[in-house]
Amino acid sequence: MIRRFSPLITALVCLTNLCLAQQQPLKLWYDKPAQVWEETLPLGNGRLGMMPDGGVMKENIVLNDITLWSGSPQDANNYEAYKALPEIRKLLVEGKNDEAQKLINKDFVCKGKGGGGVPFGCYQVLGNLSFQFKYNKTDSADVKFENYERELSLNKAIAKCTYRVNGVTYTREYFTSFGNDVSIVKLTANKPGQLNCNISISRPERGTASVNGNELQLSGQLDNGTDGKGMQYLARAKAKLKGGTMSTSNNTLVIKGATEAIIYISAGTDFKEKSFKQKTAAILEAALKTPYTEEKQHHINNYQKLFNRVNMSLGNTNNTGETTDKRLISFHKDPSSDNGLAALFFQFGRYLSICSTRVGLLPPNLQGLWANQIQTPWNGDYHLDINVQMNHWPLEVANLSELNLPLVELVRGMIKPGEKTAKAYYNADGWVAHVITNPWHFTEPGEEASWGLSKSGSGWLCNNIWEHYTFTNDKKYLQSIYPILKGSAQFYNSILVKDPKTGWRVTSPSSSPENSFYMANGKTASICMGATIDNQIIRELFNNVITASKVLGTDEAFRNELSLKLKELPPAGIISKDGRIQEWLEDYKETELQHRHIAHLYGLYPAPLITPEGTPDLAEAAKKTLNVRGDDGPGWSIAYKILFWARLHDGNRAYKLYTELMKPTIRTDINYGSGGGIYPNLLDAGPPFQIDGNFGAEAGIGEMLIQSHEGYIELIPAIPDAWKSSGKVNGLRARGNFTINMEWKNGKITNYSVTSPSPRKVKIKVNGNLKEVMAKKG
């Protein structure tokens, strides 16, 4: 007998499933302690970070402070470099790129070590808070535990672990408070007097542990690269007990016979805070006076003001009760079984942004806030040839707009150093930054031409800070960033030279980030004239400065100058003989077809220069470019390809790349090629851990669901077949200061709303139809 269900019943069933998916708590969870750092759980409040492993006999909690860097301000400019510029340009015109590159390495890179050590510096681990547990009536070698669970709640930004030993249930709760700005660990036993542990604090180098009264302290000073007296830091830890006793021994806190112990950790550095010692003490004292339940609720409330802005359901969720690490494996075997993982991963990205970013401090670096080493990979710095930009790509659409502001201030601080660099190397107006920077605003070229000469970094940063304006329509903000945009445009405008073969105005010398090509003589080089990314960034920047000057009613003469110069620039893309977008002005043969960088598609994303509707030929050429580049790579590279295919409105290909990124891995080697994936704690693996892959993939999921870069809002423009059945998203943002709520079924929007601070008309594309609607006030 065939049973037929009415459309109403079917709709109710779908709605029920959707509601259940939304009601499920967003969490990562596991049934065993972390064995390696890549299994620990990241906690943060934008300044302090904490990663507990949940060990039963021993627990290590990695501590971080986003301002803790070795190094110091330096001037690594070669003020004689500009004298070599005419000869470099002459060699490039003559086709002697390899000779030009040798000359650059000799006379046109930074002085000293540059980014290769101090004084450039490195983001470093703060320390390790260690617990040694003892269990009554049990020899340490014979401890058996059961009912173990460990979790991270994305809804509350709280981690937890529970287990049973000898009939006693032990619980630990961890959070870095958005209230009193401390890290907190709460230990409890469900039977009186069963909690016994030793607590110590340490650091691999340049750290001294001590006990002052009943306070555990870790202090030290990092290397600045000159006299060794760099940044100072101090961490303080105190415990509050219920029952039991606390004593000290050998720089260790000893807790015996307690039922509950709450450990408060206050930490700080002297980065822009000379009174950090007094401040850490005052913060700790305030936290100790605040009841735990009050502190916890204050933390949750402040965190949720940001996190609760967006809700997302993409349909069916793996409800088998699998732990997150096993769920990741199951998803990779059968992606169709678990659309909920994409929603979780998107929200995990938002969680990471909130936890690693605080207005007034440094933006998230290559590892966000979290590092467990002294020498963090690639210095844990700010790479300007995609990485720090990718860290911020999802913020606007994910309704976390204000978290862009720390990057804006970092860039603002680069103007004065960048003006020196512009004069030293190019004798140019304006300001420039190359490939890497740090808290002291390093703008010089790197120490090797093959990767360090790219001067697109400053222009690329201008895209990020411009996008904050396009999403907010904040004219006051635009006024504040206009000098940054103008200064960058002045630099590029003053260095453009005419290419004798085409007559176009281009940069020289130039390079496509970290890539190289074969010359006609069979040799290889990285240096050229007019790399495509330079041409695209300059075109976009000039247009944005022109728009900004009109909005602000200023700089008409400079605006007109840029308008004329735009006519002399190369097009947004040049199609090669084989149908791809050329990476360089000339159709060179790549040395590595599957290179991790795809810089010559900057015009497709993040810029709006290449679109399927506006430039169909270039869009097709971009597809061929991506097909040749391949789908594998480091995690961040795979994430970038998700964004490209979403912009090309190929949702299934974007989804394929998302599933490629979600490969489970535990690799931690330095990787420049294929093999990116996701660690058990859902952090991105380059490998090693690089947080940009998390943020890039989050942005990619957002771009599959909403786009607004072509002058109108388009809903589900690149939705993959896997998500078409049903879905609902509330709170995503679009350019023009609009907030979007929408629902869909069978790949068609069934309900949507558009709100704005004030009612006004907006163009929106729904189910293929472009129309104008009135946004409601909201």
Side-chain angles (χ1 to χ4, degrees), residues 27 29-35 40-41 43 50-63 128-153 156-177 182-201 211 214-216 237-250 252-265 284 287-297 299-300 323:
K27 71 175 184 177
W29 79 282
Y30 308 85
D31 58 9
K32 58 183 180 296
Q35 302 301 307
T40 62
L41 299 173
L43 296 159
M50 184 164 62
M51 292 189 78
D53 64 22
V56 173
M57 288 303 303
K58 297 179 180 179
E59 170 152 42
N60 185 62
I61 301 177
V62 178
L63 304 176
N128 295 284
L129 189 69
S130 301
F131 294 77
Q132 179 81 42
F133 293 96
K134 297 179 182 179
Y135 298 93
N136 294 339
K137 303 177 183 179
T138 304
D139 185 272
S140 61
D142 298 323
V143 171
K144 292 180 175 59
F145 61 91
E146 59 186 357
N147 300 337
Y148 186 95
E149 284 193 16
R150 182 169 59 97
E151 71 173 48
L152 171 63
S153 167
K156 297 180 179 179
I158 294 174
K160 181 180 178 183
C161 78
T162 62
Y163 57 91
R164 285 172 62 86
V165 173
N166 296 335
V168 180
T169 297
Y170 294 90
T171 302
R172 301 179 206 157
E173 202 165 55
Y174 323 75
F175 61 96
T176 46
S177 180
V182 291
S183 297
I184 299 176
V185 182
K186 181 184 181 184
L187 314 173
T188 57
N190 74 336
K191 293 183 180 179
Q194 298 297 307
L195 194 59
N196 305 284
C197 65
N198 294 351
I199 307 172
S200 59
I201 193 167
V211 171
N214 61 351
E215 180 178 292
L216 195 59
K238 274 190 174 182
K240 284 172 62 175
L241 305 187
K242 280 188 180 178
T245 63
M246 182 170 62
S247 60
T248 62
S249 175
N250 298 323
T252 300
L253 299 182
V254 180
I255 296 173
K256 292 182 179 180
T259 304
E260 174 184 287
I262 307 174
I263 295 86
Y264 296 83
I265 307 105
L284 183 59
L288 286 164
K289 291 178 180 178
T290 305
Y292 178 80
T293 53
E294 182 180 322
E295 180 73 36
K296 179 179 173 182
Q297 193 57 54
H299 158 77
I300 293 171
T323 57

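Since this is a predicted model, take the numbers as computed values, not measurements.
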Residues Val62, Thr40; criterion side-chain contact (heavy atoms from CB on, under 4.5 Å); working and verdict: CA-CA 9 Å; Val62 178; Thr40 62; over 6 Å; no

Nearest-0.5 Å distance, NZ of residue Lys134 to CE of residue Met57: 9.0 Å

Ile300 and Ile158, any side-chain heavy atoms less than 4.5 Å apart: yes

Distance (rounded to the nearest 0.5 Å) between Thr171 OG1 and Glu149 CD: 10.5 Å

With Asn214 via side chain to side chain donor-acceptor pair (under 3.5 Å) - residues at least two apart: none

Asn250 side chain reached by Ser200 side chain, heavy atoms, under 4.5 Å: no

Over 12 non-hydrogen atoms of neighbours within 6.0 angstrom of NZ in Lys240: yes

Shortest non-hydrogen separation from Phe131 to Cys197 and the atoms involved: CD2-SG, 4.4 Å

Main-chain N/O of Ser130 paired to Asn128 side chain as donor or acceptor, under 3.5 Å: no

Greater than 12 external heavy atoms within 6.0 Å of Lys160's NZ: no

Ring centers of Tyr170, Phe133 separated by less than 6.0 Å: no

Side chain to side chain donor-acceptor pair (under 3.5 Å) evaluation trace for Glu59 with Tyr174: CA-CA 12 Å; Glu59 170 152 42; Tyr174 323 75; 2.9 Å; yes

Separation of Ile262 CD1 from Leu241 CG (nearest 0.5 Å): 9.5 Å

Arg150 to Phe145 six-membered ring, cation-pi geometry met (6.0 Å, 45°): no

For the student: nearest non-hydrogen atoms of Leu195 and Thr188, plus distance: CD2-N, 4.4 Å

Evaluation steps, side-chain contact (heavy atoms from CB on, under 4.5 Å), between Phe175 and Lys156: CA-CA 9 Å; Phe175 61 96; Lys156 297 180 179 179; over 6 Å; no

Any side-chain heavy-atom pair of Tyr135 and Val168 under 4.5 Å: no

Tyr163 side chain near Asn147 side chain, heavy-atom distance below 4.5 Å: no

For Cys161 against Tyr148, the heavy-atom pair lying closest together: CB-OH, 3.9 Å

Heavy-atom side-chain contact between Leu43 and Leu152 under 4.5 Å: yes

Heavy-atom side-chain contact between Asp53 and Pro33 under 4.5 Å: no

Spacing of Thr169 atom OG1 and Asn190 atom CG [to the nearest 0.5 Å]: 4.0 Å

Chi angles and distances behind the side-chain contact (heavy atoms from CB on, under 4.5 Å) call for Thr248, Leu253: CA-CA 5 Å; Thr248 62; Leu253 299 182; 3.8 Å; yes

Where His299 and Ser177 come nearest, the two heavy atoms and their spacing: ND1-CA, 3.5 Å

Note: Glu146-Arg164 ion pair, threshold 4.0 Å (strictly below): yes

Residue pair Ile265 / Val185, side-chain heavy-atom distance below 4.5 Å: yes

Tyr292 versus Glu173, side-chain donor and acceptor atoms under 3.5 Å: yes

Donor on one side chain, acceptor on other, Asn196 and Asn136, under 3.5 Å: yes

Within 6.0 angstrom of Asp142 CG, more than 12 heavy atoms from elsewhere: yes

Pair Ile263-Lys238, side-chain contact (heavy atoms from CB on, under 4.5 Å): steps then yes or no: CA-CA 6 Å; Ile263 295 86; Lys238 274 190 174 182; over 6 Å; no

Side-chain heavy atoms of Leu284 within contact of Glu215, under 4.5 Å: yes

Selection residues 185-198 - residue pairs positive for salt bridge (Lys or Arg N to Asp or Glu O under 4.0 Å), sequence neighbours left out: Lys186-Glu260

Gap between atom CZ of Arg172 and atom OG1 of Thr162 - 0.5 Å precision: 10.0 Å

Side chain to side chain contact (heavy atoms under 4.5 Å, CB included) involving Asp31 - partner list, sequence neighbours excluded: Thr323, Lys326

